[in-house]
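Below, chains carry the letters A, B, ... as their sequence lines are ordered, and counting in each starts from 1.
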There are 2 protein chains.
Amino acid sequence: MGIQERKERERERRRQQIIVAAKRVFSEKGFTKATMEDIAKEAELSPGTIYLYFKNKDELYASLSLRILQYLNIRLEHVAQQKGLSNDERIKALKEAMFDVYNFDPLVVINMFHLQSSETLKNLSPELLAEIKQLSQSSLKVISEIFAAGIQDGVFIEKHPVALADVLWALFSGVVLWEESKKIINGEKDYLKETLEVAFDIFGRGISKSVA
Amino acid sequence: MGIQERKERERERRRQQIIVAAKRVFSEKGFTKATMEDIAKEAELSPGTIYLYFKNKDELYASLSLRILQYLNIRLEHVAQQKGLSNDERIKALKEAMFDVYNFDPLVVINMFHLQSSETLKNLSPELLAEIKQLSQSSLKVISEIFAAGIQDGVFIEKHPVALADVLWALFSGVVLWEESKKIINGEKDYLKETLEVAFDIFGRGISKSVA
DNA sequence: TTCAAATAATAAATAGCGTTCATTAAGCCA
DNA sequence: TGGCTTAATGAACGCTATTTATTATTTGAA
C-alpha cells in the first residue's frame, strides 16, 4: 500500500515543480511569449512531460491561481470569524485581507484577474473550472455573509448582500487591473495601494446607512 | 490633387472594411480562435493584404476599441457640458453614459476591457498606443473634472478627483468583466444592469459628503 | 495613346509553437 | 530474473501569424 502513496506524493511533487517553473517563466515573459519549451527547460523536463500533468498551456496557467484563491479564502474566513468587530472594522479588515493577498504574490493575483476576464476560461477542463468556481464562490459567500450581518444590524443599506459582494469583488479586480494598465500605457508608477484605499473608503461609506 | 484624396478615402474605407470583418469574426470565435485567414475571408481579401493596413493581429484587435473610446468621450463631454444638473444628477448621468456606451456595442466594450488588462497592450505600435492613451486620458479627465466641481461645491468628499475618476473607471470595467466571467463560470444569466446600478449607487453615496 | 514607375493585392513560403505520439527507460512484482 | 506497468522523452505534426516574391492595377508623363 505504501508504494501507491509514495507514487502519489511524487506525482504531486512533480506537479508543483512544474507550477513553480511555470510561474517563473510566465512572470518573466508573460503568457503568450512564454513557450512550453521554456517552461520545460526551467523545470528540467521535456515538453511532452508537462502534458502528463496538465492538459494544456491554458490549464497550466490557470492552475497558478488556485493556491492564491485558497489563500484568499482562508484570509476571508479569518475576517468573518473574528469576534467583536464593528461593521466598519470588518470592512477595513476585508480591505486588509485583500491587499494582503495581493502582496502575497502580486504577479499571480494579476494573472488570476487576467484569467478571470478572458476566453482562456473556456479552454479549461471541467474539473479545473469546477475547482475555480468552488473557490471563488466560497470567497464571495464569506463576503456576502459579512454584508448580510451588517444589514441585519441595520448599519448597511438594504441591498442584496450577494450583489454587494459582487461589487466589492469587481472593485478590487478592477482597481488592480486598471492600475496595472496605467503602468503599461502611461509608464506611471504604482498607485495601487493609494487607489485601493480610496476605493475601499468610498465603498465603505457607500454601503453605510449613515455617514458622519 | 483629387487623386491623392480619393486614394486616402479608399484606403480608409478598406481599413474600415477589415475592421468590420474582424469584429464579426472576433465576436463569433474569440480572439485566439479567430485566424487571420478567417478575417481575410470575411473581408474578401487575402491574409497578406490585412498586413498592409494593420501591423499585426493584436493591433487589429486593439483598433476595434478606438471607435468605442471616441464614442465614450463624446458621451462624457456631453454629461460634463449639460447645465443645471445637481451633482447627484451628474453622477446619474455618468452612469447612464457608461451603460449607454456598453449597450452601444457590448462585445467591443468587453473586448476593450480585456485588452486593457492584458499583455496585448505591449505588442502595439507606439502610434496606436498613443491614440489609446490620449482617448482614455481624455475620458478620465472629463470624469475627474466633474468630481472636482462637486468637491468645489462642497458636496463631494475631499479626495483627489483623479483618484476618484480612476476608482469609477475601475469599478465600471471591473463590474463588466466580472459579470462576464460569472456567465462563463456559472453559466449564470446576465445581471450586468442590476449590478451596475448597485455599484453606481454605492459609489454615489460613498463620495457624497452627507447621505440621507 | 503608351509605357515605365508606383501602388496594391495576392498566394505561397517561412518560422514558431502547442500538442501528440512512437519509442525508450525505469521501477515493480511474480 | 524477466515480463509488465508507468514515466519520460524528443522528434514529428499541424496550425497559424507573418513575410516575401510575384502579379495585377493604376498613375502621370512623353
Self-check item: Residues in contact with DNA chain D, drawn from residues 30-48 of chain A - heavy-atom cutoff 4.0 Å
Solution: A:L45, A:S46, A:G48

Quiz: residues 101-114 of chain B side-chain donor-acceptor pairs under 3.5 angstrom, not counting sequence neighbours:
| from | atom 1 | to | atom 2 | distance (Å) |
| --- | --- | --- | --- | --- |
| B:N103 | ND2 | B:F99 | O | 3.4 |
| B:D105 | OD2 | B:K23 | NZ | 2.5 |
| B:N111 | OD1 | B:Y61 | OH | 3.1 |
| B:H114 | NE2 | A:S117 | O | 2.7 |

Quiz item: Over how many whole Å does the gap from B:E8 atom CD to C:dT7 atom C1' extend?
Solution: 14 Å

Practice problem: Using whole Å, report how far NZ of A:K57 lies from P of C:dT19. | Solution: 8 Å

Self-check item: Interatomic distance, B:F54 atom CZ to B:S63 atom OG [nearest 0.5 angstrom]
Solution: 4.5 Å

Exercise. Using only side-chain N and O atoms of B:Y53, determine if any of them is under 4.0 Å from OP1 or OP2 of C:dA9.
Key: yes

Exercise. Kindly indicate whether the side chain of A:V162, heavy atoms from C-beta on, has any atom under 4.5 Å from the side chain of A:L140.
Key: no

Practice problem: Determine whether the side chains of B:T49 and B:S46 contain a donor N or O and an acceptor N or O closer than 3.5 Å. | Solution: yes

Quiz item: Could you give the NZ-to-P distance, from B:K55 to D:dT18, as a whole number of Å?
Solution: 9 Å

Exercise. Tell me, please, whether A:Y191 has A:K189 positioned over its six-membered ring: NZ or CZ under 6.0 Å from the ring centre and within 45 degrees of its axis?
Key: yes

Quiz item: Does the side chain of A:R11 get closer than 4.0 angstrom to OP1 or OP2 of D:dT6 through an N or O atom?
Solution: no

Self-check item: Spacing between A:R6 atom CZ and D:dT5 atom C1', to the nearest angstrom
Solution: 14 Å

Quiz prompt | Distance, rounded to the nearest Å, where A:I50 contributes CD1 and D:dA7 contributes C1' | solution = 14 Å

Quiz item: Taking the nucleotide of DNA chain D with the closest heavy atom to each, which residue, B:N56 or B:K7, is nearer the 5' end?
Solution: B:N56

Quiz prompt | Distance-only donor-acceptor check, side chains A:E179 and A:T195, under 3.5 Å | solution = yes

Quiz item: Given atom CD of B:E10 and atom P of C:dA8, what is their separation to the nearest angstrom?
Solution: 9 Å

Self-check item: For atom OH of B:Y51 and atom P of C:dA13, their distance in whole Å
Solution: 18 Å

Quiz item: Please give, in whole Å, the distance from C:dG16 P to A:K29 NZ?
Solution: 13 Å

Practice problem: Ignoring backbone atoms, establish whether A:R14 has a side-chain N or O less than 4.0 Å from OP1 or OP2 of D:dA8. | Solution: yes

Quiz item: Without hydrogens or angle criteria, can the side chains of B:R67 and B:Q70 be said to hold a donor-acceptor pair below 3.5 Å?
Solution: no

